[in-house]
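Contents: one structure, followed by commentary.
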Amino acid sequence: MRALIVVDVQNDFCPGGALAVPDGDAVVEAVNRLAGEASFVVATRDWHPADHGSFVPEGGIWPVHCVRDTPGASLHPEIDSAQIDVIVDKGQVRDLEGYSGFEGTELERLLRSRGVEAVDVAGLALDYCVKATALDARRAGFDVTVHRGATRAVEVNAGDGERAVEELRAAGVSVVD
Ligand SMILES: [Zn+2]
């Protein structure tokens with residue numbers, strides 16, 4: 001059993017959003033295609049309290065983004081929601097980063113309850129939440145494939161996307177186009 005994890009394809013991570021990933025909305029078409037081929041699809045959402053510790057006003061490094069129940073936290077409107085089986089919200093605890101979909105969530109239990117052994121990972125952003133989610137999936141013992149064409153990197157520092165790919169491969173994650 002394989003599952004697709006669609007990481008954080010939310011308005012705030014797309015062009016015009018509070019923490020836009022360059023070309024972030026370009027993943028939508030590829031994500032919808034992967035979801036159409038998958039038997040079980042989980043979408044994660046960054047779902048922060050308004051005073052999340054990752055925000056600049058709280059001493060963090062990111063602009064205020066994906067505050068729960070705001071338009072910026074909604075999934076991109078062109079994501080085909082009919083193909084998503086479960087939404088998992090993360091980053092809800094003020095003092096936890098919440099990059100990974102597995103951090104402080106029911107995701108691992110959910111996948112195990114469905115008999116999932118392999119996960120495909122796509123979404124935003126490659127060098128943060130996609131990487132963290134894929135690494136945690138690998139640590140949890142899943143067979144993990146990241147779909148490069150269905151992700152984009154933030155690239156706070158040039159080359160972060162490539163470094164993320166190297167780190168993923170070193171951890172035993174397959175990275176495919
Ligand atoms: Zn966040």
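All values reported here derive from a predicted model rather than from experimental measurement. For ligands, and for the atoms within them, numbers begin at 1 and follow the listed sequence.
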Does some side-chain heavy atom of Tyr128 sit less than 4.5 Å from a side-chain heavy atom of Phe13? no
With a cut-off of 3.5 Å and sequence neighbours excluded, list every side-chain donor-acceptor pair involving residues 27-43.
{"residue": "Asn32", "atom": "OD1", "partner": "Asp80", "partner atom": "N", "Å": "2.9"}
{"residue": "Asn32", "atom": "ND2", "partner": "Glu78", "partner atom": "O", "Å": "2.9"}
{"residue": "Ser39", "atom": "OG", "partner": "Arg2", "partner atom": "O", "Å": "3.4"}

How many protein atoms of type N/O/S are positioned less than 2.8 Å from the Zn ion (ligand 1)? 3
Sequence neighbours excluded, the answer for ring pair (Phe, Tyr, Trp, His ring centres under 6.0 Å) partners of Phe102 is none
Salt bridge (Lys or Arg N to Asp or Glu O under 4.0 Å) with Asp143: which residues, sequence neighbours excluded? none
Short N-O contact, Asp8 and Arg45, less than 4.0 angstrom: no
Salt bridge flag under 4.0 Å for residues Arg148 and Glu162: yes
